[in-house]
Amino acid sequence: MAGADHPIVQSLRISDAEAAKDIRPGYSDGRDVGGEKFVPRWVTYGKNLALGKPYTVSIPSGTNWGAGDPEGKKLTDGIIGPPYAGGIAASFGLLWTEGQKPAITVDLQDPHRCGAFRIHLTGYPFWDALKGEVRDQIEVLTSTDGREFTSQGFFKLDLRWKDLPANLMWPDEENATAPVFDLVLPRPVEARYVRFAVTARRFVQISEVQVLDRIDSKPFDLRIALP
């Protein structure tokens, strides 16, 4: 199956070979452009090293729509905000306005081997990551001493269906206006301090940041098969 993402299907017929002997299998237009077979992934998340750990923000949060962080605990309290944008979503985290570039720096308190990072991001307008609408940027940087930081890359905020694990629970609307984004490193790095450098291009809301020792992924084929 080729193309950028899952194809649009208007109808699908399933039957045994005898019942469908007069039907030619495959695409209705007779064209199969090939491509590598897509196999979904089952994802397992490791230990969250940032849970309950202290952090600093370079720009204080706004308080629009109930946002704010007076105790400095929301971003590592283990509570991820709603999977929908709007409503009470802002009250679960911190908020910044368009043009601001806040840096969230988490102190893991001891050096750890860090293999992956996660962030729960939403905002206003309610951009859908599955439609390529998210224009914010978030870079992850790590440090062992809190002075010299090394970039570990940027979160991929432009998602496709193939980027989503098979064991992800979806909103009924099947959109991604408030997803948790993952950044998995090719190999773990040693770090005590982890910085999430945000470039806001709208009202940006963040309810949680995570630093994991690993995120594992394995094939999970959702093929249809007779018993």
Side-chain angles (χ1 to χ4, degrees), residues 43 45 48-108 116-141 151-160 163-165 168-184 193-212 215:
V43 173
Y45 300 95
N48 179 14
L49 305 169
L51 183 63
K53 298 299 171 61
Y55 58 86
T56 61
V57 292
S58 61
I59 300 175
S61 167
T63 57
N64 312 47
W65 306 298
D69 190 26
E71 297 181 358
K73 295 181 179 180
K74 281 187 177 181
L75 292 181
T76 58
D77 62 3
I79 301 174
I80 294 175
Y84 292 92
I88 63 172
S91 66
F92 282 81
L94 284 68
L95 178 146
W96 293 278
T97 60
E98 181 180 359
Q100 291 187 310
K101 296 184 177 182
I104 304 162
T105 304
V106 181
D107 181 359
L108 302 178
F117 311 91
R118 307 186 80 209
I119 190 166
H120 179 240
L121 172 72
T122 183
Y124 180 81
F126 306 151
W127 289 338
D128 188 347
L130 279 174
K131 295 180 179 178
E133 295 175 345
V134 180
R135 299 196 298 273
D136 312 305
Q137 287 187 330
I138 305 174
E139 183 180 15
V140 174
L141 304 99
S151 175
Q152 302 300 335
F154 290 80
F155 282 95
K156 183 179 185 291
L157 306 182
D158 179 10
L159 300 179
R160 295 288 185 269
D163 298 319
L164 311 177
L168 176 67
M169 182 69 73
W170 271 99
D172 290 341
E173 289 79 2
E174 296 187 347
N175 59 25
T177 59
V180 180
F181 294 95
D182 298 344
L183 173 60
V184 182
Y193 300 90
V194 177
R195 178 168 292 168
F196 298 79
V198 181
T199 299
R201 297 207 166 101
R202 56 174 170 166
F203 282 107
V204 162
Q205 303 165 18
I206 296 173
S207 76
E208 195 76 6
V209 294
Q210 297 182 350
V211 180
L212 282 69
I215 293 181

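Predicted model, so just to flag it, every value in this text is computed and none were measured.
Nearest heavy atom pair, residue Phe196 against residue Val211, reads CZ-CG2, 4.4 Å. Across all non-hydrogen atoms, the minimal contact from Pro83 to Pro171 is O-CG, 4.0 Å. Here the shortest heavy-atom pairing between Ala85 and Gly123 reads CB-O, 4.2 Å. Taking all atoms of both residues into account, the shortest heavy-atom contact from Asp163 to Asp158 is OD2-O, 4.1 Å. The two atoms that bring Ala176 and Asp128 nearest to each other are N-OD1, 2.9 Å, heavy atoms only. Contact between Arg160 and Leu130 at its shortest, heavy atoms only, is C-CD2, 3.8 Å.
Here the NZ atom belonging to Lys131 is positioned 10.0 Å from the OG1 atom belonging to Thr177, to the nearest 0.5 angstrom. Between Phe203 atom CZ and Thr97 atom OG1 the span is 6.5 Å, to the nearest 0.5 Å. Remark: Gln137 CD to Arg201 CZ distance equals 4.5 Å, nearest 0.5 Å. If you take CD1 on Ile215 and CZ on Phe117, they are separated by 10.0 Å, rounding to the nearest 0.5 Å. If you take CD on Glu208 and OG1 on Thr76, they are separated by 6.5 Å, rounding to the nearest 0.5 Å. Note that NE2 of His120 is 7.0 Å distant from CD1 of Ile80, once rounded to the nearest 0.5 Å.
At least one donor-acceptor pair closer than 3.5 Å links the side chain of Tyr55 to the backbone N or O of Lys73. Side chain of Trp96 to backbone of Ile59: a donor-acceptor contact under 3.5 angstrom is found. Between the side chain of Ser207 and the main chain of Phe92, no donor-acceptor pair closer than 3.5 Å is present. In this structure a side-chain-to-backbone donor-acceptor pair under 3.5 Å is present from Lys74 to Gly68.
Between Phe181 and Leu183 the shortest side-chain heavy-atom distance does not fall below 4.5 Å. Side chains of Trp127 and Asp136 form a contact here, defined as non-hydrogen atoms less than 4.5 Å apart. Using a 4.5 Å heavy-atom threshold, the side chains of Glu139 and Thr199 count as separate. Between Tyr124 and Asn64 there is no side-chain heavy-atom pair separated by less than 4.5 Å.
Here the options are Leu95, Ile104, Asp69, the test is side-chain contact (heavy atoms from CB on, under 4.5 Å), and the partner is Ile206; only Ile104 passes. Put simply, the residue from Leu121, Thr122, Leu94 that forms a side-chain contact (heavy atoms from CB on, under 4.5 Å) with Gln205 is Thr122.
Around the CD atom of Glu174, the shell of radius 6.0 Å holds no more than 12 heavy atoms that belong to other residues, nucleotides or ligands.
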* Where do Arg118 and Asp182 land on the salt bridge (charged side-chain N to carboxylate O under 4.0 Å, His left out) test, with the steps shown first? -> CA-CA 5 Å; Arg118 307 186 80 209; Asp182 298 344; 2.7 Å; yes
